[in-house]
Amino acid sequence: MSELSKQFKFQDVEDKWLEYWQKNNVFHGAANPQKKSFSVVIPPPNVTGILHMGHALNNTLQDILVRYKRMQGFETCWMAGTDHAGIATQNVVERELAKEKKTRHDIGREELLKRLWAWKDQYGDTIINQLKKIGASCDWPRTRFTMDQEYSQAVQEVFIRLHQKGLIYRGEYIINWCPRCQTALSDEEAEHQEHQGNLYHIRYPLQKPLNGREWIVVATTRPETMLGDTAVAVNPTDERYKDLIGQKLILPLMNREIPIIADDFVDPQFGTGMVKVTPAHDPNDFQMGRRHGLSFVNVMHPDGRMNDLAGEFSGMDRFEARENIIERLRESQQLEKVEAHVHSVGHCYRCHTVVEPYLSKQWFVRMKPLAEPALRVVQEGKIKFYPERWTKVYTNWMENIRDWCISRQIWWGHRIPAWYCAEGDAGREKCQEPIISKDRPVKCLQCGCTTFRQDDDVLDTWFSSWLWPFATFGWPEKTKDLEYFYPTKSLFTASEIIFFWVARMIMAGLEFMDDVPFSEVYIHGTVRDSKGRKMSKSLGNAIDPLEIINEYGADALRFSLIINSGQDLFISKEKFEIGRNFANKIWNASRLILLNVPEGNQIIDLKKDVDVRQLDLPSRWIISRFFTTLKNVEQAIEGYRFSEAETLIQDFFWGNFCDWYLEISKNKFTDSSVQKVALGILQQSVGMIHPFMPFVTEELWQHVGGKDQRCLASSSWPKSETSLINAVVEQDMQALMDVVAVGRNIKMNWNIKLQQEIECQFATEDERHVKLLEENMNMLKSLLRINTFSIANYFTKNQDSAVGVVGRIKFLIPLGNLIDVQKEKQRILQDIQEQKKHLTGLSARLENQDFVKKAPPDIVEKDQVRLKTLTIKIKELEEVVQNLG
RNA sequence: GGACCCGUAGCUCAGUUGGUUAGAGCGUUUCCUUGACAUGGAAAAGGUCACAAGUUCGAGUCUUGUCGGGUCCACCA
């Protein structure tokens with residue numbers, strides 16, 4: 001058998017296996033009626049994306065499940081791809097353009113698109129290649145892009161269908177406007193953050209003084225919008241202002257006459273109880289404007305500068321205008337006061353500029369009809385969230401859903417399939433409604449004109465992402481793959497994406513496929529640094545997964561990320577040692593076995609190829625432990641408890657197999673049954689660990705997996721053999737391990753070297769224990785270095801021995817003149833005291849009639865047994881003290 | 001304003017439906033290079049389970065409140 005290096009050199013194997021898996025098409029899945037299907041779609045990263053820890057976590061989780069299912073024999077497809085990420089990508093290319101001192105308007109739409117596609121061709125695969133490095137077993141040849149030809153067809157189809165159903169409309173409303181990106185955003189794309197601002201109290205003079213009042217005071221956080229005020233509102237029930245309703249005010253700085261109106265919306269408690277109404281710059285004011293037939297005065301350019309309707313402030317940036325307006329009001333004594341005021345301000349999720357509520361004509365999706373079925377499938381349990389609490393977040397959003405603004409004033413994206421005829425553009429009343437069509441219309445049915453202009457806007461990126469689970473399989477065509485792989489099984493994502501993507505995919509799936517897009521949604525945490533801050537490039541606290549792969553290996557990255565994953569993950573570089581060390585441990589355990597097992601082995605079936613009844617206790621024990629672990633690992637994976645699965649694996653492989661079984665077996669490798677068991681457990685373990693650490697296991701499989709085997713990635717998951725789980729064996733072995741541990745403790749206590757041989761005397765009243773000790777004395781000898789031993793029923797009086805007690809097994813280790821009798825006595829007396837404390841508690845509980853009567857009988861019985869054992873133990877310890885003299 | 005999560009060893013976290021003397025990894029201390037591995041082995045120290053009240057025979061676990069930390073939602077002029 002080939003020699004392994006002393007350490008696992010991940011550098012030597014990772015690329016080799018990536019290439020092998022790829023070449024042999026191991027990750028490809030295709031419609032196969034003979035097998036059950038298992039499919040997952042990747043959350044498509046932005047084409048502009050660079051792999052960060054969040055991606056690494058997200059994709060490792062998916063990969064564990066996908067590899068596990070593939071090994072279990074499912075026909076597996078993990079759909080890969082990227083998202084065109086409209087605003088983000090356009091921003092990147094526009095920044096490049098800016099270096100040439102040009103804007104997109106200088107070069108025009110077509111030229112910009114050319115550059116965008118060129119950028120995509122050059123850099124678009126970056127993240128895909130990075131994902132491959134972590135071992136993600138996606139069906140890579142299928143890799144889709146949300147602006148692929150076929151995918152775009154699906155997007156247009158969806159737009160047209162929804163429009164036909166009356167679920168898409170166009171209209172003038174207040175939307176979130178990013179003055180920097182110069183586009184509309186959806187409500188989800190405006191991130192609200194608490195902001196320490198001011199509440200400005202401003203005097204608006206009455207046209208005619210009334211009841212001694214010359215002015216009224218309004219409070220606002222955005223004084224610049226006052227230039228577009230067309231009314232001031234009070235609550236109709238507010239006694240203070242009843243007489244003012246219907247009066248006129250003179251808008252300061254603009255000298256425009258505006259009315260005082262009454263509206264229920266106004267909260268008399270807030271501010272002064274009088275609200276300035278700016279219908280073109282605030283969603284509430286917009287509603288009031290509609291209710292009261294006010295005019296809509298837009299005072300801002302799309303780039304956030306004040307426009308011609310802003311009078312003397314025209315041309316100023318909105319925040320500059322704010323300063324100037326306040327200054328002017330102060331000068332004219334119309335600024336009554338300024339209060340500090342914390343309120344939340346929306347920011348563009350792409351460039352973090354403060355968004356402006358802005359009046360403009362946009363396209364919207366009517367959401368209520370789509371939300372209702374999507375809500376139902378979750379309530380009925382057809383889709384489950386893990387952890388379950390996210391159900392509530394989802395439900396809450398769905399129940400309060402608002403219409404979705406889907407048009408964007410950028411150029412990178414799916415152009416809206418709406419066409420305007422020349423007559424309509426010229427103002428012809430009947431031709432105002434656009435024609436919805438994939439292709440340019442031939443003739444306007446209203447006026448007969450043949451000149452058309454396509455809508456300039458493109459669709460929100462998420463308007464294509466929400467089709468991902470079926471558009472990637474060829475929808476609207478009824479492809480075999482679509483039929484076979486839809487619906488998918490699981491979706492893995494972070495909580496921020498629930499509204500953007502998860503919720504909308506569910507709506508789209510139900511609307512267009514008449515079925516849920518997936519049945520289980522796993523929400524994982526956010527990766528943070530060791531101080532709990534979100535990892536970000538700008539903070540400079542990000543740990544680059546690729547750097548970790550270079551330094552510690554991909555397996556280490558994967559294993560360490562998952563085992564640390566709780567709600568959020570707090571990551572520092574040292575944490576990746578966990579995975580590196582474990583990979584190395586697996587490697588070296590294999591090395592030990594390979595050095596001792598002859599070449600040419602087959603895969604060992606621990607049930608058929610080994611007769612368990614012939615095996616010694618440690619072998620039966622490790623087999624039982626393996627199948628216990630396997631069962632628990634399976635349950636953990638199925639329950640999306642991946643970190644638990646890894647803990648189970650590590651406990652078994654390191655804590656049981658390496659620390660005990662291999663230690664015991666080291667000197668017994670001449671025994672062919674030991675060879676078989678050690679190799680068999682190793683083979684099965686390597687399979688069990690593969691979904692978590694694909695590289696080291698695949699490499700080892702070539703050495704331990706026998707001849708002519710398929711690669712591990714396409715092999716079978718270990719077969720569960722619960723009949724080989726044996727609780728009695730596990731208990732017996734545990735007792736012997738405890739003896740060893742207590743014995744080592746004694747040695748350590750008395751400064752006896754671990755490898756120094758000792759004598760031992762055992763005492764136990766239980767015949768079974770006597771047998772157990774005698775049969776396994778060889779094992780104890782090798783682990784405790786027992787020289788001679790005897791088994792007695794009673795200890796004779798001794799002056800020179802340390803004593804250990806494990807359950808009902810008691811043992812003496814003669815120490816000769818090494819022992820300090822007083823010290824040993826002291827130690828035991830202390831132990832007795834400790835035990836007595838527990839005894840007191842236990843007997844108090846058992847004397848409590850309420851406990852005896854009300855607690856379940858098995859619990860009471862357990863405690864009674866415990867009491868008995870403890871009593872004997874104390875008695876024996878006291879005996880020992882007496883014997884010490 | 002509403003909803004949610006977290007608080008267990010110096011650090012990061014486990015702790016199933018309430019039921020032994022609350023666990024692990026890292027870190028710390030002591031010992032050990034004997035051919036699988038020092039990316040290793042052995043042993044040890046370290047906890048009033050944030051606090052308070054309640055339910056219960058029994059609470060880290062359930063309820064309520066308090067304090068501390070975090071997240072999300074909302075038409076917060």
Side-chain angles (χ1 to χ4, degrees), chain A residues 4 6-8 174 192 194 199-200 218-222 225 233 265-267 270-278 282-287 341-344 357 387 389-390 392-393 396-397 400 402 495-496 498-499 526 528 530 532 552 556 563-572 574-575 577-596 641 643-644 647 650-651 655 658-659 662-663 666 740-741 744-749 751 753-755 834-835 837-838 841-842 845 848-856 858-860 862-863 865-867 869-870:
Chain A
L4 300 185
K6 203 170 166 184
Q7 286 181 349
F8 169 50
I174 299 272
H192 289 270
E194 290 276 284
L199 194 56
Y200 300 92
V218 297
T220 178
T221 52
R222 294 188 296 149
T225 63
F265 164 76
V266 181
D267 174 5
F270 192 94
T272 61
M274 301 200 95
V275 189
K276 60 189 269 314
V277 183
T278 322
D282 183 281
N284 298 314
D285 296 6
F286 176 79
Q287 296 298 338
H341 180 67
V342 177
H343 61 133
S344 117
R389 68 187 136 89
W390 294 107
K392 204 165 174 180
V393 174
N396 185 46
W397 187 74
N400 299 293
R402 287 178 292 164
S495 58
E496 303 97 271
I498 295 176
F499 307 142
T526 308
R528 300 172 181 280
S530 53
Y552 298 87
I563 204 160
N564 273 299
S565 59
Q567 294 205 84
D568 278 351
L569 293 74
F570 298 85
I571 296 294
S572 58
E574 306 80 62
K575 290 234 162 139
E577 288 173 9
I578 297 170
R580 180 199 60 181
N581 295 356
F582 186 46
N584 193 56
K585 192 72 185 178
I586 301 169
W587 184 261
N588 272 291
S590 308
R591 202 156 85 97
L592 172 66
I593 291 166
L594 291 173
L595 286 169
N596 288 285
R641 300 187 308 271
S643 110
E644 184 185 323
T647 307
Q650 205 182 23
D651 283 353
C658 294
D659 287 351
L662 292 182
E663 281 307 319
K666 254 182 191 172
V740 172
R744 285 170 174 169
N745 186 348
I746 289 171
K747 279 185 160 180
M748 195 78 178
N749 250 329
N751 293 318
K753 300 232 177 209
L754 211 57
Q755 54 279 53
E834 192 76 8
Q835 303 302 327
K837 239 195 281 172
H838 300 310
L842 206 53
R845 194 185 314 162
N848 181 347
Q849 283 310 301
D850 279 337
F851 173 68
V852 181
K853 262 187 277 174
K854 291 182 185 168
D858 58 312
I859 297 289
V860 178
K862 255 194 217 165
D863 273 358
V865 172
R866 211 177 300 145
L867 182 80
T869 319
L870 204 53

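Below, read A as the first sequence line, B as the second, and so on, with proteins coming before strands; counting in each chain starts at 1.
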Practice task
Start with the C-alpha gap between A:N848 and A:R845, add the side-chain angles, then the distance that decides, and say whether side chain to side chain donor-acceptor pair (under 3.5 Å) holds.
Solution key: CA-CA 5 Å; A:N848 181 347; A:R845 194 185 314 162; over 6 Å; no

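No donor-acceptor distance shorter than 3.5 angstrom exists from the side chain of A:N584 to the backbone of A:Q7, with no hydrogens or angles considered. Judged by distance alone, the side chain of A:K575 and the main-chain N or O of A:F570 form a donor-acceptor pair under 3.5 Å.
Contact annotation: A:K392 side-chain N/O to B:C4 OP1/OP2 distance is under 4.0 Å. A:R845 has a side-chain polar atom (N or O) that falls below the 4.0 Å cut-off from OP1 or OP2 of B:U21. One finds a side-chain N or O of A:K666 lying less than 4.0 angstrom from the OP1 or OP2 phosphate oxygen of B:A36. Distances shorter than 4.0 Å separate none of the side-chain N or O atoms of A:R591 from OP1 or OP2 on B:G35. Applying the 4.0 Å criterion to OP1 and OP2 of B:A42, one finds that A:N745 has every side-chain N and O outside that range. A sub-4.0 Å separation between OP1 or OP2 of B:U33 and a side-chain N or O of A:K753 is absent.
Within 4.0 Å of A:F270, counting heavy atoms only, lies at least one base atom of the nucleic acid. Residue contacts for A:R580: at a heavy-atom cut-off of 4.0 Å it reaches a base atom on one of the strands shown.
Annotation: side chain of A:F851 is in contact with side chain of A:D863 (closest heavy-atom distance under 4.5 Å).
Listed nucleotides: B:U21, B:G40, B:C37. Nearest to the side chain of A:Q835: B:U21. Listed candidates were B:G41, B:C57, B:U20. Nearest to the side chain of A:K585 is B:G41.
Residues A:I498 and A:W390 approach most closely at CD1-CE3, 3.7 Å, considering heavy atoms.
For the pair A:M748 CE and B:U30 C1', the interatomic distance rounds to 5 Å; values are reported in whole Å. Computed from coordinates, the A:F570 CZ to B:C6 P distance equals 13 Å when rounded to whole Å. Distance CD (A:Q755) to C1' (B:G41): 11 Å, rounded to an integer number of Å. When rounded to the nearest whole Å, the span between CD of A:E663 and P of B:G35 equals 12 Å. We find that CG of A:N848 is positioned 7 Å from P of B:G58, with the value rounded to whole Å. The distance from atom CG of A:N564 to atom P of B:C11 is 16 Å, rounded to the nearest whole Å. A:L594 has its CG atom 13 Å from the P atom of B:A36, to the nearest Å. Atom CD1 in A:I578 sits about 12 Å away from atom P in B:C13, given to the nearest Å.
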Practice task
Starting at the 5' end of RNA chain B, write a dot or bracket for each base, bracketing those in Watson-Crick or G-U wobble pairs whose two distances are under 3.5 Å and using | for partners on another strand.
Solution key: (((((((..((((.....[...)))).(((((.......))))).....(((((..]....))))))))))))....

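Judged by closest nucleotide on RNA chain B, A:E577 is the one of A:E577 and A:C658 placed further toward the 5' end. Taking for each of A:F8 and A:S344 the nucleotide of RNA chain B with the nearest heavy atom, the 5'-most of the two is the partner of A:F8.
Using bins of under 30°, 30° to 60° and over 60° for the plane-to-plane angle, the ring pair A:W587/A:F8 lands in the tilted bin.
A:H343 does not qualify as a stacking partner of the B:C76 base, lacking a centre-to-centre distance under 5.5 Å together with planes within 30°.
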